[in-house]
Participant: 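Got a structure for you, written out below as structure tokens; questions coming shortly.
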Amino acid sequence: MSATPSTAAAKAELLSEALPFIQSFFDKTIVIKYGGNAMTEERLKESFARDVVLLKLVGMNPVIVHGGGPQIGDMLKRIGKQSEFIQGMRVTDAETMDVVEMVLGGLVNKSIVTLINRHGGKAVGLTGKDGWMIRARRMRLPSQEKAGEFVDIGQVGEVAAIDPALVALLDSQDFIPVIAPIGVGEDGAAYNINADLVAGKLAETLRAEKLILMTNTPGVLDKQGGLLSELDAEQVRALIEDGTISGGMLPKVNCALQAVRNGVKASHIIDGRVEHALLLEILTSEGVGTLIKRA
Ligand SMILES: Nc1ncnc2c1ncn2[C@@H]1O[C@H](COP(=O)(O)OP(=O)(O)O)[C@@H](O)[C@H]1O
Ligand SMILES: CC(=O)N[C@@H](CCC(=O)OP(=O)(O)O)C(=O)O
């Protein structure tokens, strides 16, 4: 069915509104963290893939870091294994690490690659092991019960260093990098790294224009469930202290803050359950979700 003249004009107007955003983000890197909780519905996955392909075609360099926490949880359940989270991090023994590597580096990574490619993009799936891209060291998680002590959470890593060469090479050849958050230790061992941490560090290393964390809430919410559309470091600290920000939101706000402190222009936590959330954030003045500011 063809559009009536008035709806066609409205569509043209909308497309034209995107021009200044396309101009200002042309040739800029945008690191997008696609959370496991945001990749549940088929319709939303399709809209995500279309958005990424469109951003690439209009001259931006989207770099995808994906999660897959719920998908790892499902697989662990299928093999009858319990999983525990401490301060938003999955306790990872050797068997869990194998499952993490299979699910993130295999199933989840390849399904995102296929989705983007089906919409006309050229996605390449990687883990941090490829080309020694993400060097990891064992995370030392400070105990919240006993000051000065650390909790052992197994093969969980934090980012020691990222080599941007592989991503730069792919960008330059019009490929879209899709990265699973698995790091490699000096001895070649795999480390399970929270995807938010990888996305934040990657955005810093690539001097990205934007870090966008897509999740399953409208953004950071206050105690009453209202959306907080802008937060600075001081406000984030207070919300963590009074328990408003907890669990999976902790690594998100922390890495978003660190990214803007270390040169990324803006960090956003947005709702991946909204269709075309990426286009709304990047190509319109409608800013969705929570903007994390440096000060
Ligand atoms: N203040 C808060 N605002 C919004 N979500 C919060 C807050 N504190 C904790 N959360 C939790 O953080 C979750 C998002 O983190 P997570 O489940 O790890 O998502 P993802 O898979 O996208 O990384 C939300 O679904 C919510 O349960
Ligand atoms: C150490 C740690 O917790 N790693 C995460 C890695 C996946 C992830 O971060 O997935 P989401 O972004 O979907 O939460 C995990 O095992 O679930």
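Both counts, for ligands and for their atoms, begin at 1 and track the order of listing.
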Participant: Out of curiosity, does I116 fall in the hydrophobic cluster containing L166 (side-chain heavy atoms, cut-off under 4.5 Å, transitive links)?
Facilitator: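 In one cluster: no.
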
Participant: Provide the number and element of each atom of ligand 2 under 4.0 Å from a heavy atom of M89.
Facilitator: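 So the atoms of ligand 2 that pass are 1 (C), 3 (O).
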
Participant: Please determine if G68 has a nitrogen or oxygen closer than 3.5 Å to a nitrogen or oxygen of ligand 2.
Facilitator: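 Indeed, backbone or side chain, G68 has an N or O that close.
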
Participant: In Å and rounded to the nearest 0.5 Å, what is the CG to CD1 distance from D51 to I282?
Facilitator: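 Those atoms lie 8.0 Å apart.
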
Participant: Side chain of N37, backbone of P70: donor and acceptor closer than 3.5 Å?
Facilitator: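 Not at all, since once roles are kept as given, no pair shorter than 3.5 Å links the two residues.
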
Participant: Would you mind checking which non-hydrogen protein atom is closest to atom 18 (O) of ligand 1, with the distance to 0.1 Å?
Facilitator: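 Heavy-atom neighbour on the protein nearest atom 18 (O) of ligand 1: G248 CA, 3.4 Å.
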
Participant: For the backbone of L257 and the side chain of S267, can you confirm whether one donor and one acceptor N or O come within less than 3.5 Å of each other?
Facilitator: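 Pair absent, no side-chain N/O of S267 close to backbone of L257.
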
Participant: Counting each atom of ligand 2 from 1 as listed, which ones have a heavy atom of I193 under 4.0 Å away?
Facilitator: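 Once the distances to I193 are compared, the set is 4 (N), 6 (C).
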
Participant: How far is atom 15 (C) of ligand 2 from its nearest protein heavy atom, and which residue and atom name does that atom have?
Facilitator: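 Answer for atom 15 (C) of ligand 2: R90 NE, 3.4 Å.
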
Participant: If hydrophobic clusters are built by linking Ile, Leu, Val, Met, Phe, Trp and Tyr wherever their side-chain heavy atoms come under 4.5 Å apart, do I270 and I64 end up in the same one?
Facilitator: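 The answer is yes; both residues are in one hydrophobic cluster.
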
Participant: State whether the shortest distance between N or O atoms of T215 and N or O atoms of ligand 1 falls below 3.5 angstrom.
Facilitator: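 Among all N and O atoms of T215, at least one is under 3.5 Å from an N or O of ligand 1.
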
Participant: Nearest 0.5 Å, what's the CD-CG distance between E209 and D27?
Facilitator: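 Taking CD in E209 and CG in D27, the distance rounds to 11.0 Å.
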
Participant: Using heavy-atom distances only, which candidate in A199, G73, A195 approaches atom 9 (O) of ligand 2 most closely?
Facilitator: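 It is A195 that holds the nearest heavy atom.
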
Participant: When you measure from atom 12 (O) of ligand 1 to every protein heavy atom, which one gives the shortest distance, and what is it?
Facilitator: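 Result for atom 12 (O) of ligand 1: M249 N, 3.4 Å.
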
Participant: Give the residue and atom name of whichever protein heavy atom lies nearest to atom 3 (N) of ligand 1, and the separation in Å to one decimal.
Facilitator: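 Closest protein heavy atom to atom 3 (N) of ligand 1: L221 N, 2.9 Å.
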
Participant: Which ligand 2 atoms does G36 reach within 4.0 Å, using its non-hydrogen atoms?
Facilitator: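 Answer, ordered by atom number: 11 (P), 13 (O).
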
Participant: Could you state the interatomic distance from CZ (R140) to CG (D152), rounded to the nearest 0.5 Å?
Facilitator: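 Here the rounded value is 10.5 Å.
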
Participant: Which of the numbered atoms in ligand 2 are below 4.0 angstrom from a heavy atom of I72?
Facilitator: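 Under 4.0 Å from I72, ligand 2 has these atoms: 15 (C), 16 (O), 17 (O).
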
Participant: Considering both backbone and side-chain atoms of G67, is one of its nitrogen or oxygen atoms within less than 3.5 Å of a nitrogen or oxygen in ligand 2?
Facilitator: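 No, no N or O pair falls under 3.5 Å.
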
Participant: Can you list the ligand 1 atoms lying under 4.0 Å from a non-hydrogen atom of G36?
Facilitator: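 Taking each heavy atom of G36 in turn, ligand 1 has 21 (O) under 4.0 Å.
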
Participant: Which protein heavy atom lies closest to atom 9 (C) of ligand 1, and at what distance to 0.1 Å?
Facilitator: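 Closest protein heavy atom to atom 9 (C) of ligand 1: S246 O, 3.0 Å.
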
Participant: So for ligand 2, is N37 a polar contact partner (N or O within less than 3.5 Å, distance only)?
Facilitator: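 Checking ligand 2 against N37, no N or O pair falls under 3.5 Å apart.
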
Participant: Applying a 4.0 Å heavy-atom criterion (strictly less than), which segment of H66 is in contact with ligand 1: side chain, backbone, both, or neither?
Facilitator: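 Neither part.
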
Participant: Taking side-chain contact (heavy atoms from CB on, under 4.5 Å) as the criterion, tell me which of T29, I32, I30, V31 meets it with L211.
Facilitator: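 Single pass found, and it is V31.
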
Participant: List the closest protein heavy-atom neighbour of atom 26 (C) of ligand 1: residue, atom name, distance to the nearest 0.1 Å.
Facilitator: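 Checking every protein heavy atom, the shortest distance to atom 26 (C) of ligand 1 gives T217 CG2, 4.0 Å.
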
Participant: Hey, could you give me the CE/CD distance between M39 and Q71, rounded to the nearest 0.5 Å?
Facilitator: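 It comes to 5.5 Å.
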
Participant: Within the distance-only criterion (no hydrogens, no angle test), does the side chain of T284 pair as donor or acceptor with the backbone N or O of L280 below 3.5 angstrom?
Facilitator: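 Such a contact is found between T284 side chain and L280 backbone.
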
Participant: Kindly say whether V288 contributes a backbone atom to a donor-acceptor pair with the side chain of E281 at under 3.5 angstrom?
Facilitator: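 Pair found, side chain donor or acceptor close to backbone of V288.
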
Participant: List the closest protein heavy-atom neighbour of atom 17 (O) of ligand 1: residue, atom name, distance to the nearest 0.1 Å.
Facilitator: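 Of every protein heavy atom, N37 ND2, 3.0 Å lies nearest to atom 17 (O) of ligand 1.
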
Participant: Can you measure from CG (D74) to OG (S83) and round to the nearest 0.5 angstrom?
Facilitator: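 Those atoms lie 11.0 Å apart.
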
Participant: Looking only at protein heavy atoms, identify the closest one to atom 13 (C) of ligand 1 and say how far it is in Å.
Facilitator: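 Ranking protein heavy atoms by distance from atom 13 (C) of ligand 1, first comes N216 OD1, 4.1 Å.
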
Participant: Among T244, D222, N194, I240, which residue places a heavy atom closest to atom 1 (N) of ligand 1?
Facilitator: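 Of the listed residues, T244 has the closest heavy atom.
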
Participant: Measuring from the heavy atoms of A38, does anything fall under 4.0 Å of ligand 1?
Facilitator: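 It does not, in that no heavy atom of A38 comes within the 4.0 Å cut-off of ligand 1.
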
Participant: I need the atoms of ligand 2 closer than 4.0 Å to a non-hydrogen atom of K33, numbered in the order shown.
Facilitator: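 Going through ligand 2 atom by atom, the ones under 4.0 Å from K33 are 11 (P), 12 (O).
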
Participant: For G35, take its heavy atoms, then give the atoms of ligand 1 lying under 4.0 Å from any of them.
Facilitator: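 Those qualifying, in numeric order: 22 (O).
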
Participant: Before you tell me yes or no, could you show the steps for D93 and T96 under side-chain hydrogen bond (donor to acceptor under 3.5 Å, both in side chains), namely the whole-Å CA-CA distance, both residues' side-chain angles and the distance that decides it to 0.1 Å?
Facilitator: CA-CA 5 Å; D93 62 11; T96 304; 2.7 Å; yes

Participant: Under 3.5 Å, N or O to N or O, is D196 touching ligand 2 that way?
Facilitator: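 Not met; the criterion fails.
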
Participant: List the closest protein heavy-atom neighbour of atom 5 (C) of ligand 2: residue, atom name, distance to the nearest 0.1 Å.
Facilitator: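 Closest protein heavy atom to atom 5 (C) of ligand 2: N192 OD1, 3.6 Å.
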
Participant: I'd like to know if K293 and D232 make a salt bridge, using a cut-off of under 4.0 Å between side-chain N and carboxylate O.
Facilitator: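 Answer for the salt bridge query: no.
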
Participant: Roughly how far, to the nearest 0.5 Å, is CZ of R261 from CD1 of I292?
Facilitator: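 Nearest 0.5 Å value for the CD1-CZ distance: 11.0 Å.
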
Participant: Within ligand 2, which atoms have a heavy atom of V156 less than 4.0 Å away?
Facilitator: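 Here the atoms of ligand 2 in question are 1 (C).
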
Participant: To the nearest 0.1 Å, how far is atom 4 (C) of ligand 1 from its closest protein heavy atom, and which atom is that?
Facilitator: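 Scanning the protein heavy atoms, the shortest distance from atom 4 (C) of ligand 1 goes to G219 O, 3.4 Å.
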
Participant: Would you mind checking if E46 and R50 are paired as a salt bridge, meaning a charged N to carboxylate O distance below 4.0 Å?
Facilitator: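 Judged by the 4.0 Å cut-off on N to carboxylate O distance, R50 and E46 do not form a salt bridge.
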
